[in-house]
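The chains referred to below are lettered A, B, ... by the order of the sequence lines, with proteins before strands, and numbering in each begins at 1. Nothing here was measured: the structure is a model prediction, and the numbers come from that model.
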Number of protein chains: 2
Amino acid sequence: MQKLKDRIRREGKVLPGNIIKVDGFLNHRVDTRLMTDMAEEFARLFDVSEITMVLTAEASGIALATICAARYGVPMVFAKKAKSDNIEGGLYQSEIYSYTYKRKVTQILSREWLTAKDRVLIVDDFMANGEAVRGLCDIVSQAGAELVGVGIAVEKGFQGGGDRLRAAGVPYHALAVIDRADEDGIVFRDEA
Amino acid sequence: MQKLKDRIRREGKVLPGNIIKVDGFLNHRVDTRLMTDMAEEFARLFDVSEITMVLTAEASGIALATICAARYGVPMVFAKKAKSDNIEGGLYQSEIYSYTYKRKVTQILSREWLTAKDRVLIVDDFMANGEAVRGLCDIVSQAGAELVGVGIAVEKGFQGGGDRLRAAGVPYHALAVIDRADEDGIVFRDEA
């Protein structure tokens, strides 16, 4: 998506450790207009008329997933990190490794809000090693729901998560795939 | 807001410890249509033509704040809980007590994304003791920005946070104020 790639090139910062900082429009301050355009782009790439739900992971995926769900006229559900005691009863659970927090995190989602009748579009802001999305796919599978696709704003193509999904045959699109990010700048993969 | 109160009465569950569970439409699964109506209601209650930003707290406020910001044509910014090492450099910081996690939490917000030129509407899903909003107001104050108002979906009126804001003269509206929640059901305050 050219508009997103232009924005990353203009405002993105590369920090040590392959961290690509786009927190001026994607995951700290959120540009709601750009996200609306991104929701339109996913609607072109996936058959969103078929979905019953947009699923994401707490916390930074929530903004984009909400804009998408509002655009497609369906609810948005987010998997929580297991810490709160406000969720009780039957839960789907998936254990992932968080590279951000450098420890295992358990994603939880109430069984009430995802069932075998659901057709799910997973949306997230970032794809790196793909742990968050792997956990979400696992939750969709536990529910016996149908995975319609996985839509990501920015993929760090050099960290393998996106390519693993492609190899597995999952309907998958990232709106910008970054193949290299270092002191020389940011290089996008052509396909995105 | 009658539609929200009807929904709370129909689907809300009261758990021990005065926990009001509305996670089927507000803070786990999110009803994006209801939230769009809530954004309209805030637009009636506040002068949203004047604001430059909607501010909320990670994580459950993000969905409603995003819908509001998209409706008002401004960015949404959320204060993060200080755990990630992806935020560096100049930060506003505010220490609050989280009753959900039963410990102190530091809210952080990058100085880049909130300045003295901003006119801010704070939006959150829940108001109980008011710690999250107190921290957000503190951050707005640190930035020298103007606080246009505080809009909350559901206030637990019996926990004092909303009344403290009213007493302080802050422009404040909650779309549903719950004055009692126990085994006998949920009682709303008339004004909301």
Side-chain angles (χ1 to χ4, degrees), chain A residues 13 15-17 19-21 23-25 27-36 39 53-81 83-89 98-103 108-110 112-114 126, chain B residues 13 15-17 19-21 23-25 27-36 39 53-81 83-89 98-103 108-110 112-114 126:
Chain A
K13 282 171 206 147
L15 302 182
I19 291 168
I20 297 156
K21 208 176 160 210
D23 69 350
F25 55 93
N27 49 20
H28 186 18
R29 182 170 68 170
V30 162
D31 182 333
T32 54
R33 284 176 229 203
L34 178 64
M35 284 202 174
T36 302
M53 179 187 299
V54 174
L55 174 66
T56 193
E58 178 184 354
S60 61
I62 295 175
L64 179 58
T66 300
I67 298 259
C68 289
R71 161 70 180 73
Y72 313 148
V74 297
M76 185 279 290
V77 180
F78 62 97
K80 302 191 176 194
K81 295 166 192 152
K83 286 166 303 185
S84 158
D85 56 1
N86 277 8
I87 294 193
E88 305 191 345
S98 167
Y99 290 85
T100 308
Y101 300 126
K102 295 183 179 52
R103 58 175 172 78
I108 54 177
L109 195 138
S110 172
E112 280 188 274
W113 311 130
L114 179 64
F126 252 95
Chain B
K13 284 172 205 145
L15 302 182
I19 291 169
I20 297 156
K21 208 176 160 210
D23 69 350
F25 55 94
N27 49 21
H28 186 18
R29 182 170 69 171
V30 162
D31 182 333
T32 54
R33 284 176 227 205
L34 178 64
M35 284 201 174
T36 302
M53 179 187 298
V54 174
L55 175 66
T56 193
E58 178 184 354
S60 61
I62 295 175
L64 179 58
T66 300
I67 298 259
C68 289
R71 162 69 180 74
Y72 313 147
V74 298
M76 185 280 291
V77 181
F78 62 96
K80 302 191 176 194
K81 294 165 193 154
K83 286 165 303 185
S84 159
D85 56 1
N86 277 7
I87 295 193
E88 305 191 347
S98 166
Y99 290 86
T100 307
Y101 300 125
K102 296 184 177 50
R103 59 174 171 78
I108 54 178
L109 195 138
S110 172
E112 280 187 274
W113 312 129
L114 179 65
F126 252 94

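- Note: A:Arg29 CZ to B:Met53 CE = 6.5 Å, rounded to the nearest 0.5 Å.
- For residues 60-75 of chain B, the side chain to side chain donor-acceptor pair (under 3.5 Å) pairs, not counting sequence neighbours, are B:Glu40-B:Arg71, B:Ser60-B:Asp125.
- Counting heavy-atom pairs under 4.5 Å between each of B:Thr36, B:Ile62, B:Val74, B:Val30 and chain A puts B:Val30 at the top.
- Using modelled atom types, one side-chain atom of A:His28 and one backbone atom of B:Phe78 make a donor-acceptor pair closer than 3.5 Å.
- Interface remark: B:Val54 contributes no atoms to any contact with chain A (heavy atom separation under 4.5 Å).
- Separation of atoms CE (B:Met35) and CE (A:Met76) is listed at 7.0 Å; rounding is to 0.5 Å.
- If you tally non-hydrogen atom pairs under 4.5 Å between each of B:Gly17, B:Gly24, B:Ala69 and chain A, the highest count goes to B:Gly24.
- Of the possible polar contacts, none joining the A:Thr32 side chain to the B:Ile67 backbone as a donor-acceptor pair under 3.5 Å is found.
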